[in-house]
2 protein chains.
Amino acid sequence: METITIKDIAKALGLSTSTVSRALRNSYEINPETKKLVMEYAERMNYRPNPIALSLRDSKSKSIGVIIPEIANHFFSQLINGIESIAYNLGYHVVIFQSHESYEREVANTNYLVSRKVDGLLISLSSLTTNLFHFQDLMERGLPIVFLDRVPNAIETHKVVVDNFAGSYEATEHLIKSGRKRIAHLTSPIYLSITTERLAGYKQALEDYGLPFDESYVKYCYHGGKVATENEAAVQEMLEMPEPPDAIFTASDRLTTGCMSVLQKKNIKIPQQIAIVGFTNISVAELLNPPLTAVVQPAMEMGQQAVELLIRLIEHPQKTDVFETRSLKTSLIIRESSVGKAEAL
Amino acid sequence: METITIKDIAKALGLSTSTVSRALRNSYEINPETKKLVMEYAERMNYRPNPIALSLRDSKSKSIGVIIPEIANHFFSQLINGIESIAYNLGYHVVIFQSHESYEREVANTNYLVSRKVDGLLISLSSLTTNLFHFQDLMERGLPIVFLDRVPNAIETHKVVVDNFAGSYEATEHLIKSGRKRIAHLTSPIYLSITTERLAGYKQALEDYGLPFDESYVKYCYHGGKVATENEAAVQEMLEMPEPPDAIFTASDRLTTGCMSVLQKKNIKIPQQIAIVGFTNISVAELLNPPLTAVVQPAMEMGQQAVELLIRLIEHPQKTDVFETRSLKTSLIIRESSVGKAEAL
DNA sequence: CTGAAAGCGCTAACAA
DNA sequence: TTGTTAGCGCTTTCAG
């Protein structure tokens, strides 16, 4: 795997490495003829600067690290596509890691990316992260970080989120207006920002429409839906309540499909017996049985905005005095899973 | 972002950098006491070797590059999970890139990974890759590469695939036995290995059961399903044939869901009017309307075996005289989309 | 047992 | 306009 280096070019052309280096960077202080000579030779030999050497020298890498819970999730893969589309245009490479909803892996990935000298970090917290020291420490040491979707309250930096409260309110309102009375909420761990915000929107809608809020209709899945058994148990508990719900509002992709699976297995009719609205970007929502009503997040755009903010932070670190939190709008797409008259279970 | 280096430790302890380096690597030629001193200090200061410096020195990185068409696809994300699970245990990091089914991006990603000194490459070809020079060149220069799923015939190296012929044969046979007579095949570009193999299995089944093979029942999607319009047009063409198919065997995730979308829009009943079997790992197959019969690939295991082969190649380059192609089995999971009597369109 | 020095590829301050 | 040198962090001869 030998590759040609500046030294090789210098030797071949009888020049010094610095002259070659300067010529390649098109420095004004180099004789046009020399420049041409060098450029052409480099081109011919297919010279490529060694980014490792550059990183070592400059302690930067023109790359940004992304840590998300899971790739196998349409919301996150769209997020990545948004991130990549912008990053590549601005000359940055994107290195993707999955935390698999594990705090330990999030920390390990973070450390690795930092040691690899990424210029900045884009993070969506794992559902099990409660300690933020690994990020706080980095921020204090000057590493630019932007959070998206699952963001920490305790850290001051740019953030890109959706209006979870509004999205959740709208979903709940829709269920209420469709005549549902006992609306349950299946969600992620309470210490995630998205969980509390969605919960708040849900509560507010209930209150505004005069429905009682009953804590026992809210089930938290510690692993954010990753662990199927936990998921199933939560739905099962709902079904076994003295007054089972006539609608379930689910807070993520996994939670939604997991919930539908259980209902299907139990032959519970959706939406007649239980209506479903999912906070999800699942790609085949309209192919499901029944087609799924969904609160959709502009994932691509979230990714794009987040990189933009991050790269601005990287390239103009001093210029940032105030951090912004951008909040994008969700859209409620109504399909069959939530409409029509309720039937007793 | 200053981090502590060997030099700092040396200075603090009044030693030379080489002594510190050796102590940290637990070299036999270092006085146990010095060793202990250094180790403890390093531990206390949270010293981490700079991997960039190591890469520059050794031209290796303890990391492997993965280039796949698309993350937003269950088959590939499972593949990645398989790859990661093994790689981490063996101390390698995994760097993931998407070609987005574009030859140019595949080449660009390859070059980048190589310049970043990955120790090896795991590749699943883009649907538009016909020229293999970028890989051939690297292999000749000694870079270990293992292909998986979409593999090139023209390159000799380890490969991990599924038995596409058998999977396809089984799917087609199933449709025939369910009474279907005009079975169409919606597939990827013909120059992908998976396409020709699946096509061959399909043909063989038709032949074995005495059904005619009609080339016009086979539609190739140049972009492997990525471009929805192309996808739709292909299905549309099928429907407009003088004798439209009574079953469609689709060759990938995207092709399958795209096809189902079109049929749904046109109010064509599945499976009554057209039965569907998909060569797909889509996670919600059983939640679809109707639940989807699928040829499922052991994606996780494919990923695991591929990294194992790759890492073996990396760590014992000389020991490999023969390359192996591992072929794993698919499984046909029968659901409603392909059973029951056929009705005229 | 420990240290000095070179080198991985590149750039920039300093000299010429 | 070009060359020399040092240094980014680390390991490894080669010399003590």
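As the structure is a prediction and not an experimental result, all values here were calculated from the model. Proteins come first, then strands; the chains are lettered A, B, ... in the order of their sequence lines, and each starts at number 1.
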Any donor-acceptor pair under 3.5 Å from [X] side chain to [Y] backbone:
X: K117(A); Y: L113(A); result: no
X: T19(A); Y: L15(A); result: no
X: S193(B); Y: V151(B); result: yes

Counting heavy atoms from C-beta on, name the nucleotide in [options] closest to the side chain of [X].
X: N31(B); options: dC1(C), dC10(D), dC10(C); result: dC1(C)
X: S16(A); options: dC10(D), dG3(D), dC10(C); result: dG3(D)
X: E29(A); options: dT2(D), dC10(D), dC8(C); result: dT2(D)
X: P32(B); options: dC1(C), dC10(D), dC10(C); result: dC1(C)
X: T19(B); options: dG9(C), dC10(D), dT2(C); result: dT2(C)

The residue among Q305(A), H158(A), E301(A) that forms side chain to side chain contact (heavy atoms under 4.5 Å, CB included) with R326(A) is Q305(A)
Would you kindly give the [atom1]-to-[atom2] distance between [X] and [N], to the nearest whole Å?
X: L56(A); N: dA6(D); atom1: CG; atom2: P; value: 18 Å
X: D58(A); N: dG9(C); atom1: CG; atom2: P; value: 16 Å
X: K60(A); N: dC10(C); atom1: NZ; atom2: C1'; value: 12 Å
X: K117(B); N: dC10(C); atom1: NZ; atom2: P; value: 9 Å
X: N50(A); N: dG7(C); atom1: CG; atom2: C1'; value: 14 Å
X: R25(B); N: dC10(D); atom1: CZ; atom2: C1'; value: 9 Å
X: K11(A); N: dG3(D); atom1: NZ; atom2: C1'; value: 17 Å
X: M45(A); N: dG9(C); atom1: CE; atom2: C1'; value: 17 Å

Is any N or O donor-acceptor pair between the side chain of [X] and the base of [N] shorter than 3.5 Å?
X: R22(B); N: dG3(C); result: yes
X: R57(B); N: dG9(C); result: no
X: S18(A); N: dT5(D); result: no

Is it the case that atom [atom1] in [X] sees more than 12 heavy atoms from other parts of the structure closer than 6.0 Å?
X: N46(A); atom1: CG; value: yes
X: E315(B); atom1: CD; value: yes
X: E29(B); atom1: CD; value: yes
X: E33(A); atom1: CD; value: no

| request: Check whether any side-chain nitrogen or oxygen of Y28(B) sits under 4.0 Å from OP1 or OP2 of dT2(C), and answer yes or no. | output: no
With a 4.0 Å cutoff (strictly under), does any side-chain N or O of K7(A) reach OP1 or OP2 of dC8(C)? yes
Next item on the list: Using a 4.0 Å heavy-atom cut-off across all strands, classify S21(B) as base, sugar-phosphate, or nothing.
Entry: base
Hey, does P51(B) reach any base, or is it just sugar-phosphate, or nothing, if we go heavy atoms under 4.0 Å? nothing
The answer to which of G14(B) and I6(A) contacts DNA chain C further toward the 5' end, by nearest nucleotide, is G14(B)
Heavy-atom nearest nucleotide on DNA chain D taken for T34(A) and for T17(A); more 5' hit belongs to T34(A)
Between its two end axes (five pairs each) the helix from dC1(C)-dG16(D) to dA16(C)-dT1(D) turns, nearest 10 degrees, through 60°
